[in-house]
Asks: 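Once you've had a glance at the structure underneath, I'll fire off some questions.
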Amino acid sequence: MSSKEDCKEEAPPVVANEPQGRKRDELFVNIIEKISVTFSSTGCVLTSEIDGTIQTKSSLTGNQEIALALSDKLYIRKGGIPNNDYSGSSRMRPVILDDCNFHESVRMDRFDVDRILSLVPPNEEFAVMNYRITQEFKPPFIINTSIEETGSREAEVILKIRAEFPSIITANTVLVQMPLPACTTRVNFDLEGGIVEQNADFNESQGRLEWSLEKIVGGSEHSLRAKLKFSQELDGNISKEAGPVSMSFSIPNYNPSRLEVKSVWIAKKTGISNPYRWVRYVTQANSYVAHV
């Protein structure tokens, strides 16, 4: 479905042309957030951080000035945060940036006053704004891991991942990896049924378990059971020789920081009638790690 001002649409891969062969006037805005989370062996969040960027790609005719209106309750930590803005539900609480930087073409007077990014974009993809957030956020996945010795040279690993985002959102290209003891010689997997496009493998050259899932729907939980065979006894030290578990993924239409581009408009529209505007949110794993 196409829309001229839809805030969470997938941007088409190419620029379309009008019937007469003229290039269509379009403006793409991507909000990409790369998250880093470290969990303890009990599932508690030890560290969390978001590295975000707002990118634009313009195919507008002429040198058009554009404006991107960001979240109202958006603060930069060094500038101070009003105490009364911490009240209300999590979605009403302020978005606090630890630090940020802007492309040289951004008019800082408008951003400082009303949180609007106003600029004349070049005809190429570039970063309008980069930001970093250490404010607490809800991790998109919870990882639970158990590993137990089942014999003198055998052990069993159970991995469970739960998607904490809404069911209308789907994560893509999910990969779970776990280093195994160096003496591991064979791994037998037990995959749960009913899930298409998943695969588990023992990467012997890297010494790790690899579990890939093409898609994970929000609110769902998935598990993997692996039986390990060793060339020698581990003397009860298996938890010290395995892990940590890491994940990589991409989640369209999702942004844990809650920073939003509320609206996009062209200041004057000189020489163009009604340009198409697209806004897309994508969250990716930067370092997503759980200790065993």
Side-chain angles (χ1 to χ4, degrees), residues 1 3 6-11 29-40 42-55 70-74 88-97 131-145 158-178 191-192 194-199 211-224 244-262 278-291:
M1 181 191 334
S3 169
D6 192 322
C7 283
K8 292 191 176 182
E9 279 290 333
E10 292 277 347
V29 181
N30 291 327
I31 299 88
I32 302 170
E33 295 191 337
K34 296 184 178 182
I35 60 176
S36 299
V37 181
T38 304
F39 298 93
S40 70
T42 59
C44 297
V45 175
L46 299 176
T47 61
S48 60
E49 183 173 294
I50 299 173
D51 288 303
T53 183
I54 300 177
Q55 296 179 345
L70 305 185
S71 307
D72 293 324
K73 293 186 176 184
L74 175 63
S89 66
S90 60
R91 292 216 55 87
M92 296 299 294
R93 291 173 187 165
V95 177
I96 303 171
L97 309 182
Y131 56 90
R132 184 175 66 90
I133 297 175
T134 57
Q135 181 183 17
E136 183 179 344
F137 63 90
K138 186 176 182 179
F141 289 102
I142 298 297
I143 306 171
N144 291 309
T145 308
I158 299 176
L159 288 173
K160 293 183 179 180
I161 52 176
R162 186 173 72 249
E164 295 289 287
F165 42 88
S167 59
I168 59 173
I169 295 173
T170 300
N172 301 321
T173 57
V174 179
L175 177 62
V176 182
Q177 299 182 109
M178 178 180 177
L191 293 169
E192 61 183 349
I195 301 179
V196 296
E197 300 297 333
Q198 70 163 331
N199 182 61
W211 178 26
S212 60
L213 300 97
E214 188 66 25
K215 297 181 182 296
I216 293 183
V217 176
S220 62
E221 182 174 299
H222 305 283
S223 62
L224 170 72
V245 178
S246 62
M247 286 186 71
S248 61
F249 50 80
S250 179
I251 314 176
N253 305 325
Y254 179 76
N255 64 323
S257 73
R258 297 176 291 106
L259 187 150
E260 293 184 281
V261 175
K262 299 191 303 176
W278 310 84
V279 179
R280 180 179 67 168
Y281 296 84
V282 179
T283 293
Q284 300 170 344
N286 184 31
S287 174
Y288 208 85
V289 176
H291 292 290

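Small disclaimer: the values here were computed from a predicted structure and weren't measured. Position 1 is the first residue of the sequence; numbering continues from there.
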Asks: Show every donor-acceptor pair shorter than 3.5 Å between a side-chain atom in residues 42-52 and any protein atom, with sequence neighbours excluded, or say none if there are none.
Replies:
from: T42; atom 1: OG1; to: S40; atom 2: OG; distance (Å): 2.9
from: T47; atom 1: OG1; to: T38; atom 2: OG1; distance (Å): 3.1

Asks: Between OG1 of T283 and CG of N253, what distance do you get to the nearest 0.5 Å?
Replies: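 Going from the OG1 atom of T283 to the CG atom of N253 covers 9.5 Å.
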Asks: NE2/H222 to CG/L213 distance, rounded to the nearest 0.5 angstrom?
Replies: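 So the gap between those two atoms works out to 6.5 Å.
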Asks: With D72, which residues qualify under side-chain hydrogen bond (donor to acceptor under 3.5 Å, both in side chains), at least two apart?
Replies: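 side-chain hydrogen bond (donor to acceptor under 3.5 Å, both in side chains) list for D72, sorted by chain: K262.
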Asks: List in chain and number order the residues that pass side-chain hydrogen bond (donor to acceptor under 3.5 Å, both in side chains) with T53, two or more places apart in sequence or in another chain; answer none if no residue qualifies.
Replies: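 side-chain hydrogen bond (donor to acceptor under 3.5 Å, both in side chains) list for T53, sorted by chain: N130.
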Asks: Nearest 0.5 Å, please: how far is OG1 in T173 from CD in E197?
Replies: 12.5 Å
Asks: Go through the structure and list residues passing side-chain contact (heavy atoms from CB on, under 4.5 Å) with K138, not counting sequence neighbours.
Replies: E164
Asks: My understanding is that only residues two or more places apart in sequence, or in another chain, count here; which of them pass side-chain contact (heavy atoms from CB on, under 4.5 Å) with V289?
Replies: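 Residues passing side-chain contact (heavy atoms from CB on, under 4.5 Å) with V289: P244, S246, S287.
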Asks: So, do Y281 and E260 sit near enough that their side-chain heavy atoms are less than 4.5 Å apart?
Replies: yes
Asks: Would you check, one step at a time, whether the test side chain to side chain contact (heavy atoms under 4.5 Å, CB included) holds for N286 with Q284?
Replies: CA-CA 6 Å; N286 184 31; Q284 300 170 344; over 6 Å; no
Asks: Which residues satisfy the ring-ring contact (aromatic ring centres under 6.0 Å, His included) test with F137, sequence neighbours excluded?
Replies: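 ring-ring contact (aromatic ring centres under 6.0 Å, His included) check on F137 returns nothing, list empty.
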Asks: To the nearest 0.5 Å, tell me how far Q177 CD sits from M247 CE.
Replies: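 Rounded to the nearest 0.5 Å, the CD-CE separation comes to 11.0 Å.
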Asks: Taking the side chain as every heavy atom from C-beta outward, state whether V282 and N30 have any pair of such atoms under 4.5 Å apart.
Replies: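 V282 vs N30: side chains apart.
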Asks: Of all residues at least two apart in sequence or in a different chain, which pass the side-chain hydrogen bond (donor to acceptor under 3.5 Å, both in side chains) check with Q55?
Replies: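 Counting only residues at least two positions away or on another chain, Q55 forms no side-chain hydrogen bond (donor to acceptor under 3.5 Å, both in side chains).
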Asks: Quick one, P140 and I169 - any side-chain contact, counting heavy atoms below 4.5 Å?
Replies: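 With C-beta onward as the side chain, the pair stays apart.
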Asks: Rounded to the nearest 0.5 Å, how far does CG of N199 lie from CG of L191?
Replies: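 Output value for this atom pair is 7.5 Å.
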Asks: Could you check if a side-chain atom of L259 sits within less than 4.5 angstrom of a side-chain atom of L97, using non-hydrogen atoms only?
Replies: yes
Asks: Apply side-chain hydrogen bond (donor to acceptor under 3.5 Å, both in side chains) to S250 and list each qualifying residue two or more places apart in sequence or on a separate chain.
Replies: none
Asks: Please report the shortest heavy-atom distance between S248 and A285, naming the atom on each side.
Replies: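 For S248 versus A285, the nearest heavy atoms are CA-CB, 3.8 Å.
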Asks: Which heavy-atom pair separates E33 from P256 by the least distance, and what is that distance?
Replies: OE1-CD, 3.2 Å
Asks: Can you name the ring-ring contact (aromatic ring centres under 6.0 Å, His included) partners of Y131, sequence neighbours left out?
Replies: none
Asks: F249 and ring-ring contact (aromatic ring centres under 6.0 Å, His included): which partner among F165, Y254, F141?
Replies: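 Single ring-ring contact (aromatic ring centres under 6.0 Å, His included) partner of F249 among F165, Y254, F141: F141.
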Asks: Could you tell me whether a side-chain N or O of Q198 sits under 3.5 Å from a main-chain N or O of E192, the two making a donor and an acceptor?
Replies: yes
Asks: The criterion is side-chain contact (heavy atoms from CB on, under 4.5 Å); which residues satisfy it with T145, sequence neighbours excluded?
Replies: I143, L159, M178, V245, V292
Asks: Search all heavy atoms of I161 against all heavy atoms of V176 and return the closest pair with its distance.
Replies: CD1-CG2, 4.2 Å
